[in-house]
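Predicted model only: the values in this text are computed from it and were never measured.
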Amino acid sequence: MTTRMANSALLLACTLATGAYADPSTDPEQIFQQAMQLRNDGDIYPAIDLLQSILDQQPGLQRARLELAVAYHRARQFEQARELLTRVYNDPATPESVKLSITAYLAQLGSDEKATRKGTSTTVYASAGLFTDSNVNLGPSPELANVTATETDGTGMTAMASISHLGRDPEPLRLGDRPVDFEWRTQATAYAKVYSGTESDFNVHVLSFYTGPALVDQHNWRAAMNFRVEKVYFDNNPYSFNLGVNPAFSLMLANNLDLNFEILSMVREHDDPANEGLDGTASSYTLSATKFFDDLSIGVEAGMRYHDNGADATYLHAQGGELFLAGQMPAWQHARIYLQLSSRDYDYRSADPATLNPPRDETEDQAILGVSHTFASGALKSWTLNSQISYTENSSNVAIFEYDRTLFEVNIRSYF
């Protein structure tokens, strides 16, 4: 069910909530309130049964008939919903204000039915941008960093393109008392980060693909299982091939609060024999909470993550915990500002046998501040201009691995 549909349902319910359109002397209020609670909780099918039982006893109770239509809509039983709405609309006793709400709701019903019957959708995303980097030697990840080199700044450009496909069964599955959508999501992405001049040794290209099923209970939870494939190129040469699985689960609680749990497990094989010590199974486990405020315009996410790069060579094998906090809010019309903070530990299992240093124990702190503006008109309509600055500081028990980095990026992006 779409957000627009939910809002329309709420509008219709509010229009009728005064009870002026029902006869209080004959309204089985207790059963009605129980049905409303079940429907609001997502238990659509028992709510339908209770509302139908009310109508069986009192066929003239139009308020119950309208609320039953809303329940049928949420169960994607569009014909039943349309029949009930039309019956109330054609009743000469129906007030004009209610008829107006029914007309708007019927339009939304038709739009949702059309989208549901279509069953599939395809989205294309494209972005391009420029960046400046105060410490090119760090590369895209700690594994590829050349921290012993003299700190060098650089500039370059980024580009990304992806195509996503969503397939949804037109008929919901019935799991217990709830209608649940079965979806299949697929996405292919190409990403490039290219440095100018002599810093091109740190160019990165990534080709990725994922696909997998998802189950979505629009009111209470969603679950997905993605299968992922990645090919990474570094210094314009093949670097690694990654194959993994990515299950995720979200529980939607009251007051716009979501709890999220995600696992990512990737088997990594490196092309260069010099990097074979990094071969292994990398994994991460993430638990987070997302809270929305002010009619969903402000969002805050906080969580923790355990990560393990799974490297076969113990002196390259790093694991640890991470804490993160992120938020976003409106900045001005059509613009949003966001902030992301994180602190990640890296504990290495053993010392590098080529040195006299102890096993590395490091903490990477990072802050990202950005703002994005979506153009509402003109040649760039629906395009978003985004700029952000990030600062990273890595502290280590081995002095040569201590560093900091400032990265400024500007890009423009859009969905098609």
Side-chain angles (χ1 to χ4, degrees), residues 1-117 170-181 216-221 252-256:
M1 176 179 47
T2 65
T3 301
R4 290 176 60 198
M5 187 186 87
N7 291 339
S8 296
L10 180 61
L11 174 64
L12 181 59
C14 289
T15 302
L16 302 170
T18 61
Y21 195 43
D23 181 356
S25 65
T26 59
D27 184 19
E29 187 65 26
Q30 186 174 1
I31 298 177
F32 180 81
Q33 293 302 329
Q34 183 183 359
M36 291 297 92
Q37 186 62 52
L38 286 167
R39 196 188 69 184
N40 292 337
D41 290 342
D43 297 321
I44 303 299
Y45 297 111
I48 288 175
D49 293 339
L50 284 179
L51 288 167
Q52 186 59 61
S53 71
I54 294 173
L55 288 173
D56 290 342
Q57 297 177 34
Q58 301 198 33
L61 194 59
Q62 299 291 47
R63 181 185 177 189
R65 184 165 283 109
L66 287 171
E67 300 296 358
L68 179 58
V70 173
Y72 275 129
H73 188 184
R74 294 186 180 182
R76 299 217 299 274
Q77 298 181 28
F78 298 104
E79 288 302 322
Q80 293 92 327
R82 184 177 291 106
E83 179 183 349
L84 292 169
L85 291 166
T86 303
R87 180 171 175 179
V88 176
Y89 184 89
N90 291 332
D91 185 347
T94 300
E96 289 301 320
S97 60
V98 176
K99 285 187 176 183
L100 187 62
S101 294
I102 292 174
T103 300
Y105 195 91
L106 282 168
Q108 181 64 59
L109 184 74
S111 175
D112 290 341
E113 182 177 21
K114 183 178 179 180
T116 298
R117 299 307 179 204
E171 298 296 329
L173 301 174
R174 179 168 181 171
L175 295 185
D177 295 330
R178 302 172 177 273
V180 175
D181 290 322
V216 181
D217 180 325
Q218 298 288 352
H219 288 273
N220 292 87
W221 57 267
M252 292 168 275
L253 305 177
N255 301 317
N256 297 316

**Prompt:** Is the backbone N or O of V88 less than 3.5 Å from a side-chain atom of T94, with the two atoms forming a donor-acceptor pair by type?
**Reply:** yes
**Request:** Taking the side chain as every heavy atom from C-beta outward, state whether I44 and D177 have any pair of such atoms under 4.5 Å apart.
**Result:** no
**Request:** Could you tell me which non-hydrogen atom of L61 sits nearest to which non-hydrogen atom of L55, and how far apart they are?
**Result:** O-CD2, 3.3 Å
**Asked** Which atoms form the tightest heavy-atom contact between F32 and A64, and what is the distance?
**Response** CE1-CA, 4.2 Å
**Request:** For E83, enumerate each residue passing the salt bridge (Lys or Arg N to Asp or Glu O under 4.0 Å) test, keeping only those at least two apart in sequence or located in another chain.
**Result:** none
**Fill in**
Sequence neighbours excluded, the answer for side-chain hydrogen bond (donor to acceptor under 3.5 Å, both in side chains) partners of E171 is R117
**Item:** Residue list, salt bridge (Lys or Arg N to Asp or Glu O under 4.0 Å) with R65, at least two apart or on another chain
**Value:** none
**Flag, side chain of D217 to backbone of N220, donor-acceptor distance under 3.5 Å** = yes
**Asked** Quick one: side-chain contact (heavy atoms from CB on, under 4.5 Å) partners of D49, sequence neighbours excluded?
**Response** none
**Asked** How close do L38 and P46 get, heavy atom to heavy atom, and via which atoms?
**Response** CD1-CB, 4.1 Å
**Message:** Any side-chain to backbone donor/acceptor pair from S111 onto Q108? Under 3.5 Å, distance only.
**Reply:** no
**Item:** Side-chain heavy-atom pair F78, T116 within 4.5 angstrom cut-off
**Value:** yes
**Message:** Distance check, rounded to the nearest 0.5 Å: L106 atom CG versus E113 atom CD?
**Reply:** 11.0 Å
**Check: D41 main-chain N/O paired with R178 side-chain donor or acceptor under 3.5 Å** = yes
**Asked** Looking only at atom types and distance, does a side-chain atom of R76 sit under 3.5 Å from a main-chain N or O of P170, one as donor and one as acceptor?
**Response** yes
**Asked** What closest approach, in Å, do Y45 and A75 show between heavy atoms, and which atom pair accounts for it?
**Response** CE2-CB, 4.3 Å
**Message:** Nearest 0.5 Å, please: how far is CZ in R39 from CE in M36?
**Reply:** 4.0 Å
**Item:** Least distance between heavy atoms, P179 atom then P172 atom
**Value:** CB-CB, 3.9 Å
**Request:** Measure the spacing between CD of Q80 and CG of L85 and express it to the nearest 0.5 Å.
**Result:** 11.5 Å
**Fill in**
Sorted by chain and residue number, the side-chain contact (heavy atoms from CB on, under 4.5 Å) partners of L100 (sequence neighbours excluded) come out as none
**Prompt:** Rounded to the nearest 0.5 Å, how far does CZ of R87 lie from CD1 of I102?
**Reply:** 12.5 Å
**Request:** Could I get the full list of side-chain hydrogen bond (donor to acceptor under 3.5 Å, both in side chains) partners for N90, not counting sequence neighbours?
**Result:** none
**Message:** For the CD atom of Q77 and the CG atom of L84, what is their distance to the nearest 0.5 Å?
**Reply:** 10.5 Å
**Prompt:** For the atom pair OG1 (T103) and CD (E96), what is the distance rounded to the nearest 0.5 Å?
**Reply:** 9.0 Å
**Prompt:** Any side-chain heavy atom of L68 sitting closer than 4.5 Å to one from I48?
**Reply:** yes
**Message:** Can you give me the closest heavy-atom contact between M252 and W221, atom names plus distance?
**Reply:** CE-N, 3.1 Å
